[in-house]
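Read through the structure below, which is laid out as structure tokens, and then see the notes.
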Amino acid sequence: MSSRRSRSRQSSSSRISDDQILDLVTKLQQLLPEIRNRRSDKVSAAKILQETCNYIKSLHREVDDLSERLSELLETTDTAQAAIIRNLLMQ
């Protein structure tokens with residue numbers, strides 16, 4: 001029974017508080033261009049989390065697109081220019 005109590009105490013001490021969740025959701029809201037630019041301050045936490053997921057997916061697509069475009073650019077440039085670009089990217 002003592003191990004059950006210590007697990008209970010440990011899990012309750014590692015839990016995040018409602019205030020911390022609200023603070024994190026507010027920080028997320030400030031990072032999202034779609035929500036940050038809205039006039040209304042009232043946006044549900046669920047909406048903010050959904051928009052966060054959408055924004056991250058959008059950023060992944062953008063990174064993939066830019067990576068593909070960079071690969072195409074490196075294939076079409078001469079070897080010396082491609083080496084310079086690769087060197088700059090590695091810094």
Side-chain angles (χ1 to χ4, degrees):
M1 186 144 164
S2 65
S3 66
R4 183 180 286 168
R5 283 184 190 161
S6 65
R7 272 187 282 170
S8 175
R9 279 190 215 130
Q10 184 181 21
S11 66
S12 67
S13 67
S14 64
R15 286 190 180 153
I16 190 165
S17 72
D18 289 348
D19 288 339
Q20 289 171 314
I21 291 172
L22 287 173
D23 183 50
L24 291 170
V25 168
T26 300
K27 287 178 182 178
L28 280 175
Q29 183 177 5
Q30 293 168 354
L31 293 172
L32 298 171
E34 191 68 27
I35 293 178
R36 183 181 57 217
N37 297 331
R38 289 188 185 162
R39 298 275 185 232
S40 173
D41 291 336
K42 298 273 183 176
V43 180
S44 72
K47 180 70 174 171
I48 292 170
L49 292 174
Q50 183 61 52
E51 288 296 327
T52 300
C53 291
N54 293 341
Y55 187 55
I56 290 170
K57 287 176 189 175
S58 167
L59 290 174
H60 278 285
R61 284 191 300 270
E62 190 173 342
V63 166
D64 290 343
D65 180 52
L66 290 171
S67 294
E68 186 176 321
R69 289 170 55 194
L70 179 61
S71 293
E72 291 170 1
L73 175 68
L74 291 174
E75 288 173 5
T76 60
T77 59
D78 68 49
T79 308
Q81 288 177 331
I84 292 169
I85 294 170
R86 284 190 187 95
N87 188 26
L88 289 171
L89 292 173
M90 295 299 179
Q91 294 180 0

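All residue numbers in this chain count up from 1 along the given sequence. Values below: all heavy atoms of this structure, side chains included; hydrogens, waters and symmetry mates excluded.
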Show every donor-acceptor pair shorter than 3.5 Å between a side-chain atom in residues 57-64 and any protein atom, with sequence neighbours excluded, or say none if there are none.
none

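- The heavy-atom pair separating Q29 from I48 by the smallest distance is OE1-CD1, 3.6 Å.
- E34 CD to K47 NZ: the interatomic distance, rounded to the nearest 0.5 Å, is 8.0 Å.
- Pairing each heavy atom of T77 with each of L74, the nearest pair is OG1-O, 3.3 Å.
- With sequence neighbours excluded, the residues that form a side-chain hydrogen bond (donor to acceptor under 3.5 Å, both in side chains) with Q20 are S17.
- I56 and L32 fall into different hydrophobic clusters, where Ile, Leu, Val, Met, Phe, Trp and Tyr are joined by side-chain heavy atoms under 4.5 Å apart, directly or via other members.
- In terms of hydrophobic clustering, with Ile, Leu, Val, Met, Phe, Trp and Tyr side chains grouped at heavy-atom distances under 4.5 Å, I85 and L66 are assigned to different clusters.
- A chain of hydrophobic side-chain contacts below 4.5 Å, direct or via other Ile, Leu, Val, Met, Phe, Trp or Tyr residues, connects L24 to L28.
- The minimum heavy-atom distance between L31 and Y55, with the atom names listed, is O-CE2, 4.1 Å.
- For residues 74-91, no pair satisfies salt bridge (Lys or Arg N to Asp or Glu O under 4.0 Å), with sequence neighbours left out.
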